[in-house]
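Note sheet for the following structure.
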Amino acid sequence: VFMADSRLNELLSPWSDTIPQFDHKGLYRPAGVMISRNNFIGKVEALGFALLTLSLPVPGGDAEPAAEARLAAGLQGIFPDLQVTRVSPAPVPGLYEVLVGTDVFYVTADGRYLLQGDLLDLAERRNVTELQRSVMRVKKINEVPLADMIEFAPASPKHVVYVFTDIQCGYCRRLHRDMPEINKRGIAVRYLAFPRAGVGSPAFTQMEAVWCSADRRSALTAAKSGTTVTAKTCANPVGRQYALGESLGIHGTPAIYTSD
């Protein structure tokens, strides 16, 4: 059945906030976020697969837990470096949801086909896949100790946001200049390090100095003002936070996440 574009757009208009966006190579990209080329979906796309046939054994009526273990083992057999977080039944009969970090994709129950893309519940008008991504993002961020973050907060915050920041980012500096007003509105900001230039870059070294300073808040403010921060070398979380940001698909800063 042929459907004019205008009619299709009309039907999809209620989904304007949940329809997935794709870059020029077909990779899913949430608004304002670049997908990391290091994640599993990036690897699949680099191999040129939109639909991947898996050479896994066909199940013989095994129970769900056994099926989930079999599917995870089969995927890891094909992709040895793949770390499957979880395999569980998807809302669609005969389909399983596979989590790899914060990436979500689907595999058929017989293990033959792997599907990359977003699952939309038309009845509930929600993006099932994006909801799962959100759950995993929250879980990953909540695993970071508060002591490893740099927090700017009012006495009794009403809301909390997590911000992956870079001291050399213009928009990060603008956000930081507005911190008094942000805090005045009852919002606590918890900073995590994401030096965009990567490990070993001058920005990375400066952010290590910030996190190693006795007064991290003052050091971060100074660094965002263009002042060079000096501090003794110490064990610090900058590398771990940068790796976390990459696993979340962050390339640009500030990357802001709410507590949910």
Side-chain angles (χ1 to χ4, degrees), residues 14-23 27-36 38-39 41 85-86 91 97 99-104 118-121 124-167 169-196 207 210-211 216-217 220-221 224 237-238 240-260:
W15 295 87
S16 58
D17 293 331
T18 58
I19 293 295
Q21 302 297 312
F22 294 85
D23 67 14
L27 279 176
Y28 172 82
R29 182 177 65 200
V33 177
M34 298 279 297
I35 286 294
S36 169
N38 293 327
N39 64 27
I41 291 180
T85 305
R86 189 182 75 205
E97 179 183 84
L99 300 182
V100 178
T102 56
D103 287 328
V104 184
D118 280 40
L119 185 63
L120 305 180
D121 184 331
E124 297 292 334
R125 293 178 177 268
R126 61 194 179 105
N127 186 326
V128 176
T129 308
E130 181 56 30
L131 286 173
Q132 188 57 252
R133 288 193 193 99
S134 297
V135 169
M136 295 308 295
R137 284 195 291 262
V138 169
K139 180 178 182 295
K140 290 286 186 181
I141 292 174
N142 285 341
E143 289 173 353
V144 179
L146 180 57
D148 284 351
M149 304 179 194
I150 300 178
E151 184 178 44
F152 289 78
S156 301
K158 300 176 182 177
H159 309 282
V160 176
V161 295
Y162 299 86
V163 181
F164 285 83
T165 191
D166 182 354
I167 58 172
C169 157
Y171 286 109
C172 297
R173 291 180 174 185
R174 181 183 298 181
L175 174 68
H176 196 69
R177 286 198 298 269
D178 292 337
M179 193 61 67
E181 180 62 26
I182 293 171
N183 288 163
K184 183 179 178 181
R185 297 189 180 196
I187 302 170
V189 175
R190 295 175 179 175
Y191 280 122
L192 296 94
F194 192 81
R196 295 167 300 165
M207 296 194 84
V210 167
W211 257 260
R216 291 178 174 178
R217 288 161 47 99
L220 184 61
T221 299
K224 285 178 178 285
V238 173
R240 294 192 300 275
Q241 292 179 7
Y242 178 74
L244 171 61
E246 282 199 314
S247 75
L248 296 177
I250 296 172
H251 277 183
T253 53
I256 304 172
Y257 295 93
T258 59
S259 57
D260 58 356

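- Closest approach of Thr253 and Phe194 over heavy atoms only: CG2-CD2, 3.7 Å.
- Going from atom CG of Leu99 over to atom CE of Met136 covers 5.5 Å, rounded to the nearest 0.5 Å.
- Proximity of a side-chain donor or acceptor of Trp211 to a complementary backbone N or O of Ile150 within less than 3.5 Å is not detected.
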Kindly list each side-chain donor-acceptor pair under 3.5 angstrom involving residues 138-145, sequence neighbours excluded, with atom names and distances?
residue	atom	partner	partner atom	Å
Lys139	NZ	Glu143	OE2	2.8
Asn142	ND2	Val138	O	3.3

Test side chain to side chain contact (heavy atoms under 4.5 Å, CB included) on Phe164 and Leu248 and set out the steps.
CA-CA 11 Å; Phe164 285 83; Leu248 296 177; 3.9 Å; yes

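- Here CE of Met149 is found 13.5 Å from OG1 of Thr165. Values are rounded to the nearest 0.5 Å.
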Run the side chain to side chain contact (heavy atoms under 4.5 Å, CB included) test on Val160 and Tyr257 for me, step by step, so that the C-alpha distance in whole Å, both residues' side-chain angles and the decisive distance to 0.1 Å come before the verdict.
CA-CA 9 Å; Val160 176; Tyr257 295 93; over 6 Å; no

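- To the nearest 0.5 angstrom, His159 atom NE2 is 6.5 Å from Ile187 atom CD1.
- The backbone N or O of Arg196 lies less than 3.5 Å from a partner atom in the side chain of Asp166, making a donor-acceptor pair.
- Remark: Leu220 CG to Ile167 CD1 distance equals 8.0 Å, nearest 0.5 Å.
- With salt bridges taken as basic N to acidic carboxylate O contacts below 4.0 Å, none links Arg133 and Asp103.
- Annotation for Ala147 and Arg216: closest pair O-NH1, 2.8 Å, computed over non-hydrogen atoms.
- The two residues Cys169 and Cys172 have their closest heavy-atom pair at SG-SG, 2.7 Å.
- Applying the ring pair (Phe, Tyr, Trp, His ring centres under 6.0 Å) test to Tyr162 and every residue at least two apart in sequence or in another chain returns nothing.
- Considering only residues two or more places apart in sequence or on other chains, Ala153 meets the side-chain contact (heavy atoms from CB on, under 4.5 Å) condition with Glu151, Ala188.
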Side chain to side chain contact (heavy atoms under 4.5 Å, CB included), that's the test. Do Lys224 and Met179 meet it? Break it down for me.
CA-CA 12 Å; Lys224 285 178 178 285; Met179 193 61 67; over 6 Å; no

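- In this view, Tyr191 and Phe152, His176 satisfy the ring pair (Phe, Tyr, Trp, His ring centres under 6.0 Å) rule, not counting sequence neighbours.
- Legend: salt bridge (charged side-chain N to carboxylate O under 4.0 Å, His left out) pairs involving residues 171-181, not counting sequence neighbours, sorted by first then second residue: Glu181-Arg185.
- Every residue two or more places apart in sequence or in another chain that forms a side-chain contact (heavy atoms from CB on, under 4.5 Å) with Pro91 is listed here: Leu119, Val128.
- For the atom pair OH (Tyr242) and CD1 (Ile250), the distance works out to 10.5 Å, reported to the nearest 0.5 Å.
- Residues Gln241 and Asp148 meet the side-chain proximity criterion, which asks for heavy atoms closer than 4.5 Å.
- Asp121 CG to Asn127 CG: the interatomic distance, rounded to the nearest 0.5 Å, is 10.0 Å.
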Hey, mind stepping through Leu175 and Ile182 against side chain to side chain contact (heavy atoms under 4.5 Å, CB included) and telling me if it holds?
CA-CA 9 Å; Leu175 174 68; Ile182 293 171; 3.6 Å; yes

